[in-house]
Amino acid sequence: MTYDVAVVGAGIIGLATAKALLERSRCTVVIIEARDAVAREQTGNNSGVIHSGLYYKPGSLKAKTCSEGRTAMYAFCAEQGIPHERCGKLVIATSSEELGALSELQRRGEANGLRGLRRIGSSEIRDLEP
């Protein structure tokens with residue numbers, strides 16, 4: 001059998017690409033996957049985290065898409081009744097030399113639309129992560 005397009009990989013990107021091709025054209029598509037089922041690599045092993053955009057340079061494409069994606073994902077979950085938690089994130093400096101980097105992350109996070117970022121001490125860390 002012959003096909004117009006071969007998509008390599010049956011993860012979320014491969015499957016979404018094949019679906020889009022089928023919906024938008026009259027081409028025939030075959031999906032080639034090395035594993036015994038779909039989503040057995042990165043897609044099936046994702047962290048389940050809605051990324052904050054804390055690490056990305058403000059104004060960069062990564063920062064923009066992460067920020068927009070975060071907002072869209074929270075809205076989608078709320079609209080669809082999908083349980084999720086905005087649990088926050090602890091970023092810890094393990095030495096005084098790392099405090100400058102921590103300040104830069106806070107600046108980037110705020111520039112990328114994150115609100116409520118704050119510094120806490122070791123006792124509050126223990127309360128949050130005993």
Check the surroundings of atom CG in L102: do more than 12 heavy atoms from other residues, nucleotides or ligands lie under 6.0 Å from it?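 It does: L102 CG has more than 12 such atoms within range.
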> Above 12 or not: heavy atoms from other molecules or residues under 6.0 Å from CZ of R119?
Replying inline: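 Correct, the count exceeds 12.
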Closest heavy-atom pair and its distance - [X], [Y]:
X    : Y    : answer
I31  : A18  : CD1-CB, 3.7 Å
S52  : C66  : C-SG, 3.9 Å
M73  : I50  : CG-CD1, 3.5 Å
E104 : R107 : OE2-NH2, 2.8 Å
N112 : G53  : ND2-O, 2.8 Å
R108 : K57  : NH1-N, 3.5 Å

query = If only atom types and distance count, is the side chain of S67 paired as donor or acceptor with the main-chain N or O of A63 below 3.5 Å?
reply = no
Taking T28's backbone N and O only, do any of them form a donor-acceptor pair with D4's side chain (distance below 3.5 Å, no angle check)?
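Yes; judged by distance alone, with no hydrogens or angles, the pair exists.
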**Distance-only side-chain donor-acceptor flag, R126 / S123, under 3.5 Å** = no
What about [X] and [Y], same hydrophobic cluster or not, with Ile/Leu/Val/Met/Phe/Trp/Tyr joined at side-chain heavy-atom distances under 4.5 Å?
X    : Y    : result
I125 : L99  : no
L22  : V7   : yes
I92  : L105 : no
I12  : V30  : no

Atom [atom1] of [X] and atom [atom2] of [Y]: how far apart are they, to the nearest 0.5 Å?
X    : Y    : atom1 : atom2 : result
L15  : E33  : CG    : CD    : 8.5 Å
E124 : E129 : CD    : CD    : 12.0 Å
I120 : L128 : CD1   : CG    : 5.0 Å
L21  : R26  : CG    : CZ    : 15.0 Å

With a 3.5 Å cut-off and sequence neighbours excluded, list the donor-acceptor pairs that the side chains of residues 80-91 form with protein atoms.
unit_1 : atom_1 : unit_2 : atom_2 : d
H84    : ND1    : I82    : O      : 2.8
K89    : NZ     : Y55    : OH     : 3.4

